[in-house]
There are 4 protein chains.
Amino acid sequence: MFIHIDPSSELAIYDQIVRQVKFAVADEAVQAGELVPSVRELARELTVNPNTVSRAYRQLQADGVLESVRGTGLAVAQGAPEQCRAVRMTLIRNRLRQVLLEAKHSRLNGENLRELVEQELAVIEHEKGEKQA
Amino acid sequence: MFIHIDPSSELAIYDQIVRQVKFAVADEAVQAGELVPSVRELARELTVNPNTVSRAYRQLQADGVLESVRGTGLAVAQGAPEQCRAVRMTLIRNRLRQVLLEAKHSRLNGENLRELVEQELAVIEHEKGEKQA
Amino acid sequence: MFIHIDPSSELAIYDQIVRQVKFAVADEAVQAGELVPSVRELARELTVNPNTVSRAYRQLQADGVLESVRGTGLAVAQGAPEQCRAVRMTLIRNRLRQVLLEAKHSRLNGENLRELVEQELAVIEHEKGEKQA
Amino acid sequence: MFIHIDPSSELAIYDQIVRQVKFAVADEAVQAGELVPSVRELARELTVNPNTVSRAYRQLQADGVLESVRGTGLAVAQGAPEQCRAVRMTLIRNRLRQVLLEAKHSRLNGENLRELVEQELAVIEHEKGEKQA
DNA sequence: GTGGTCTAGACCACC
DNA sequence: GTGGTCTAGACCACG
């Protein structure tokens with residue numbers, strides 16, 4: 001499970017951890033039942049205070065993504081991958097809707113929007129191609 | 001110029017003011033050269049701390065949207081509407097690109113994305129229709 | 001709002017705060033919309049670390065009992081009193097059911113249980129009477 | 001002696017063992033003088049760390065429920081069944097009293113409480129009936 | 001070894 | 001003034 005922290009991000013560190021763990025779970029980079037890195041280990045790896053990792057893990061427990069296995073560590077909860085995927089999908093939907101709404105307010109009509117989307121899709125594909133090349 | 005503050009929003013109040021002023025300028029609801037309400041007046045109107053309005057106006061001056069007219073107040077800068085429109089457009093572009101990228105990471109291909117966009121466009125149109133009705 | 005901390009309790013301090021705030025809200029000792037004591041103030045009052053109070057308040061926000069009013073403090077959320085009362089009621093129900101179940105397992109029948117309940121009710125009433133006297 | 005461990009319980013594993021042994025003794029599922037399974041055996045059976053079983057047995061010795069029989073193992077102490085039954089009874093009494101007290105604080109009077117108890121008794125009886133059916 | 005809690009003290013943005 | 005985040009370091013129970 002590769003987690004990268006951007007200390008200059010506007011997002012809190014603990015939040016970056018939460019999100020990236022959820023992503024890893026959604027992608028089944030860590031599978032249900034598997035143990036996540038220990039608080040101290042991840043803290044060392046990210047050169048971050050253990051309390052910060054602990055807070056992220058606590059949040060993930062509250063969200064039902066992780067489960068505590070006493071004296072052993074924290075494991076990915078059963079059903080968490082599906083749940084994370086579903087949540088991610090609705091998040092994407094909502095953000096997309098917001099952007100489109102804001103574009104509408106800027107007096108773009110449906111056709112303009114489709115064009116805009118095609119342009120951005122092209123940009124993404126292009127970058128992808130460069131990375132692969 | 002109608003500004004609405006949502007105190008329970010995650011955005012800072014001064015930021016809400018900044019954004020909405022920029023929107024108003026972009027839409028030419030207030031035109032170049034026109035005076036904006038005084039700090040005190042707007043603060044009273046929004047039932048918000050004058051410091052907060054002051055900070056928003058300071059930000060808008062730094063962004064080149066407002067200009068101080070000595071002894072008179074703050075006015076919308078020449079060229080501000082075009083600038084605001086341009087900025088808004090790139091903001092929308094960036095956000096759209098981000099959403100599409102994240103969707104890509106969720107293993108959606110171009111065709112899935114187009115479909116998603118169409119769905120959301122339909123939702124937006126539908127809501128619009130209901131409001132008008 | 002009177003909160004008392006028992007440092008020798010098996011419950012974590014932050015949890016004691018959470019529970020007692022919920023009780024106060026349920027009893028409308030603090031009403032919806034009202035501000036709760038500031039983190040620093042309550043910490044001083046309870047001679048506890050501000051972080052501990054902060055953690056309790058964060059939990060209460062997650063539970064929808066408190067709402068952050070930026071730069072002003074934390075306020076009791078609208079509808080929180082009813083919600084807290086309802087939650088408390090189901091908690092009591094569940095605990096009562098558990099006790100009764102365990103009593104059943106100890107081979108007490110319904111009649112024994114009713115008798116037991118009456119005895120305890122009498123004890124409670126008696127103590128109440130002494131306090132009032 | 002049937003012991004079931006719930007690893008996801010909030011109770012510590014050693015505590016679950018302690019309680020269930022006491023229950024078994026109270027119900028005379030194991031009788032006074034009888035040997036309990038060895039630490040290793042029970043640990044294997046419950047797929048639990050031997051240290052954990054050891055700790056539970058230590059606790060049970062401290063509570064006077066088990067006695068070490070040199071060179072042989074651990075046996076249920078004389079008088080333990082009666083003692084366990086008595087302890088269990090007072091535990092139930094205390095928990096019942098606590099629940100009733102808390103209910104009182106929620107402004108329920110004696111009559112409300114009796115009604116509540118009757119409802120929960122009915123629920124328990126009903127579930128029991130379903131299980132038997 | 002594991003997670004959980006608490007303290008102390010610092011820094012930040014917001015109002 | 002407010003809450004929010006982070007660090008550092010300590011102590012505890014559990015397995």
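Naming convention: chains lettered A, B, ... in sequence-line order (proteins, then strands); numbering from 1 in each chain. All of these numbers come straight from a predicted model, not from anything done at the bench.
Of the side-chain N and O atoms in A:R70, none sit less than 4.0 angstrom from OP1 or OP2 of F:dC14.
Separating the CD atom of D:Q16 from the C1' atom of F:dA13 is a distance of 15 Å, rounded to the nearest angstrom. Note: CD1 (D:I17) to P (F:dC14) measures 12 Å, nearest angstrom.
Side-chain contact between B:V69 and B:L74 is absent, with no heavy-atom pair separated by less than 4.5 Å. Between C:L96 and C:N94 the shortest side-chain heavy-atom distance does not fall below 4.5 Å.
C:T47 places no side-chain N or O within donor-acceptor distance of the main-chain N or O of C:R44, the cut-off being under 3.5 Å.
With sequence neighbours left out, the side-chain hydrogen bond (donor to acceptor under 3.5 Å, both in side chains) criterion links D:E102 to C:R95. Partners of A:R97 under the salt bridge (Lys or Arg N to Asp or Glu O under 4.0 Å) rule, at least two apart in sequence or in another chain, are B:E120. Evaluation of the salt bridge (Lys or Arg N to Asp or Glu O under 4.0 Å) rule for C:E28 yields C:R85 as partners, not counting sequence neighbours.
Comparing the helix axis at one end of the helix from E:dG1-F:dC14 to E:dC14-F:dG1 with that at the other, each defined from 5 consecutive pairs, gives an inter-axis angle of 10° (nearest 10°).
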B/S/- contact track for nucleotides 1-10 of chain F, protein heavy atom under 4.0 Å: BBBSBBBBB-
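Here the closest heavy-atom approach between residue B:D27 and residue B:R88 is recorded as OD1-NH2, 2.9 Å.
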Side-chain atoms of residues 50-68 of chain D: list all donor-acceptor pairs with protein atoms under 3.5 Å, sequence neighbours left out, distances to 0.1 Å.
from	atom 1	to	atom 2	distance (Å)
D:N51	ND2	D:N49	OD1	3.4
D:T52	OG1	D:N49	O	3.4
D:Y57	OH	D:P37	O	2.8
D:Q59	NE2	D:D63	OD1	3.3
D:Q59	NE2	D:D63	OD2	3.4
D:D63	OD2	D:K22	NZ	2.8

